[in-house]
Protein chains: 2
Amino acid sequence: MQNKPTVLVVEDEASLVTLLRYNLERDGYRVVEARDGEEALIVAAEETPDLILLDWALPNLSGIEVCRRLRMRAESRNTPIIMLTARGEESDRIRGLDTGADDYVVKPFSMTEMLARIRAVLRRLRPALSEDLAEFGDIAIDRVSRRVRRSDREVHLGPTEYRLLDHLIQHPGRVFSREQLLDAVWGSDVYVEARTVDVHIGRLRKALIANGERDPIRTVRSAGYSLDEQMKVTAG
Amino acid sequence: MQNKPTVLVVEDEASLVTLLRYNLERDGYRVVEARDGEEALIVAAEETPDLILLDWALPNLSGIEVCRRLRMRAESRNTPIIMLTARGEESDRIRGLDTGADDYVVKPFSMTEMLARIRAVLRRLRPALSEDLAEFGDIAIDRVSRRVRRSDREVHLGPTEYRLLDHLIQHPGRVFSREQLLDAVWGSDVYVEARTVDVHIGRLRKALIANGERDPIRTVRSAGYSLDEQMKVTAG
DNA sequence: CGCCTTTGTTACGATGATGTGACAGTTTTA
DNA sequence: TAAAACTGTCACATCATCGTAACAAAGGCG
């Protein structure tokens with residue numbers, strides 16, 4: 001399956017969570033849940049979601065407080081947040097969006113509108129995610145037709161190698177540990193050996209350099225892997 | 001390719017209209033114009049455009065009001081609408097999405113971005129509006145007579161296979177998951193096994209390659225099916 | 001240079017996804 | 001109303017892909 005954007009839904013009303021999950025998954029997102037503020041902070045750290053839907057009224061920690069704390073952490077500082085508020089709770093702070101949220105939606109909302117908001121926010125803040133086409137040097141990956149090409153040559157990748165490349169290409173140059181890659185590409189719920197990542201990196205390399213091209217993947221000893229930004233300039 | 005999609009541009013600033021028309025036509029669209037809200041409603045009814053670009057600030061009727069009214073009419077209920085808003089009208093953007101716009105663009109915008117948005121919205125929402133004739137490589141499907149032919153040979157398809165091909169051909173190259181196909185072809189309310197899609201894909205293939213022609217359908221392991229764009233160029 | 005850690009690579013059994021024929025039930029056609 | 005067409009599901013064969021262990025190679029360090 002494609003590398004889906006992950007959405008964290010923080011909401012205590014179970015029926016609403018179910019509804020959101022159904023529609024979000026149908027629109028191509030991966031959904032993770034949290035019931036209250038504390039859980040939200042934990043899950044946000046574990047999953048590093050691409051977007052957070054945050055209910056304003058939560059048990060334990062208020063939505064605003066969660067929002068504030070998320071904004072203080074390095075890994076979620078730039079994660080888009082959409083606030084859910086009930087009619088009548090629209091204080092000026094929310095209207096001004098100065099709580100750190102990027103948008104807000106008033107309950108009850110139409111699902112069409114919610115999905116449009118999500119697309120809009122993601123597009124504004126995470127262009128790489130909503131792009132149908134991602135390129136890195138002479139490597140291009142088309143997420144619609146699910147094809148990978150390297151300088152006019154079609155490259156065949158297995159599902160895992162495809163997701164792996166997709167993830168790497170979303171953060172060019174950034175080094176990912178094996179654990180991070182397992183979380184992002186395999187999913188945080190599956191248990192596989194960290195060394196398995198090596199094997200798939202190997203398979204990905206093999207497919208990408210089949211024509212004697214330069215290896216686009218950089219190994220960072222005792223740290224992990226990344227796309228090699230050198231390649232962009234040195235490529236030939 | 002099919003008939004050109006029609007785009008209705010609702011905008012009172014003449015220079016912007018000219019610019020949009022030029023670029024849209026270059027990208028293969030047919031362009032019709034309206035200067036104000038009233039005219040927009042009239043033209044929308046006459047032309048039944050495939051997409052509407054709607055300025056938020058208009059003489060006569062505000063963009064939001066136009067949007068609301070368009071949404072109330074049967075013939076434009078499902079027409080995608082992209083709102084144009086000026087910087088600083090950000091909060092109105094939210095109301096715009098409430099009203100039923102599918103996307104919005106903040107002025108000033110880059111033309112590249114605008115064209116990309118248009119493609120994205122059309123790709124997401126257009127299946128409803130179909131041309132009478134669709135072609136893909138040497139395959140042609142006539143929606144009026146409900147006939148399918150492959151290079152001068154008439155191909156007989158059952159109802160489900162016909163709808164399946166019809167859906168695939170509307171987004172050539174795009175990979176659909178089994179679930180997406182069930183939603184689109186069977187309807188979102190029926191419950192059938194995902195594997196049923198495989199069987200019908202098989203039947204569709206069998207009918208299409210009865211004369212030993214190339215298989216136009218691509219299987220993407222663990223993802224779904226798509227029309228194989230390679231076929232267009234490789235076909236003989 | 002030896003020793004240890006880390007990474008690359010291969011082989012292989014297990015798992016999972018897909019293609020296809022058969023079949024029973026249902027709908028449409030003649 | 002009988003025949004034909006169509007539908008959804010299953011069973012089974014086949015093939016791709018997966019995860020892991022094992023070993024080779026490379027790097028780091030004294």
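Residue numbering restarts at 1 for every chain, and letters A, B, ... go by the order of the sequence lines.
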Side-chain N or O of [X] versus OP1/OP2 of [N]: is the shortest distance under 4.0 Å?
{"X": "B:Thr160", "N": "D:dT7", "value": "yes"}
{"X": "A:Trp186", "N": "D:dC18", "value": "no"}
{"X": "A:His156", "N": "D:dT17", "value": "yes"}
{"X": "B:Thr219", "N": "C:dG19", "value": "yes"}

Among B:Arg153, B:Arg214, B:Arg149, B:Arg150, salt bridge (charged side-chain N to carboxylate O under 4.0 Å, His left out) partner for B:Asp138: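 One option only clears the test, and that one is B:Arg150.
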- prompt: Quick one: which of B:Asp228, B:Asp198, B:Asp215 gives a salt bridge (charged side-chain N to carboxylate O under 4.0 Å, His left out) with B:Arg205?
  reply: B:Asp215
What's the [atom1]-[atom2] distance between [X] and [N], to the nearest Å?
{"X": "A:Lys206", "N": "C:dT9", "atom1": "NZ", "atom2": "P", "answer": "9 Å"}
{"X": "A:Arg178", "N": "D:dG19", "atom1": "CZ", "atom2": "C1'", "answer": "15 Å"}
{"X": "A:Arg163", "N": "D:dG19", "atom1": "CZ", "atom2": "C1'", "answer": "14 Å"}
{"X": "B:Leu204", "N": "C:dT20", "atom1": "CG", "atom2": "P", "answer": "12 Å"}
{"X": "B:Glu193", "N": "D:dA11", "atom1": "CD", "atom2": "P", "answer": "11 Å"}
{"X": "B:Leu157", "N": "D:dT7", "atom1": "CG", "atom2": "P", "answer": "10 Å"}

message: Counting the atoms with a prime plus P, OP1 and OP2 as sugar-phosphate, which does A:Thr196 contact under 4.0 Å by heavy atoms, base, sugar-phosphate, or nothing?
response: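 Result for A:Thr196 = base.
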task: Describe the nucleic acid contact of B:Tyr225 in one word from base, sugar-phosphate, nothing, applying a heavy-atom distance below 4.0 Å.
output: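 Sugar-phosphate only.
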5' priority, DNA chain D, between A:Arg195 and A:Gly158 [closest heavy atom]: A:Gly158
- prompt: Centre of A:Tyr162's six-membered ring, under 6.0 Å away, within 45 degrees of the axis: is that where NZ or CZ of A:Arg146 sits?
  reply: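 So A:Arg146 does make the cation-pi contact.
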- request: Could you say whether A:Val220 or A:Val199 is positioned toward the 5' end of DNA chain C, judged by the nucleotide with the nearest heavy atom to each?
  value: A:Val220
task: Check the pair A:His200, A:Trp186 against ring pair (Phe, Tyr, Trp, His ring centres under 6.0 Å), reporting the backbone distance first and the verdict last.
output: CA-CA 11 Å; A:His200 283 277; A:Trp186 276 255; 5.3 Å; yes
Closest to side chain of [X], choosing from [options]:
{"X": "B:Asp198", "options": "D:dT20, C:dT7, C:dT18", "answer": "C:dT18"}
{"X": "B:Val192", "options": "D:dT9, D:dT17, D:dT20", "answer": "D:dT9"}
{"X": "A:Arg221", "options": "D:dG28, C:dT18, D:dT7", "answer": "D:dG28"}

query: Does a distance-only test, which skips hydrogens and angles, find a donor-acceptor pair under 3.5 Å between the side chain of A:Arg203 and the base of D:dG19?
result: yes
message: Distance check, rounded to the nearest 0.5 Å: B:Asn211 atom CG versus B:Ser151 atom OG?
response: 7.5 Å
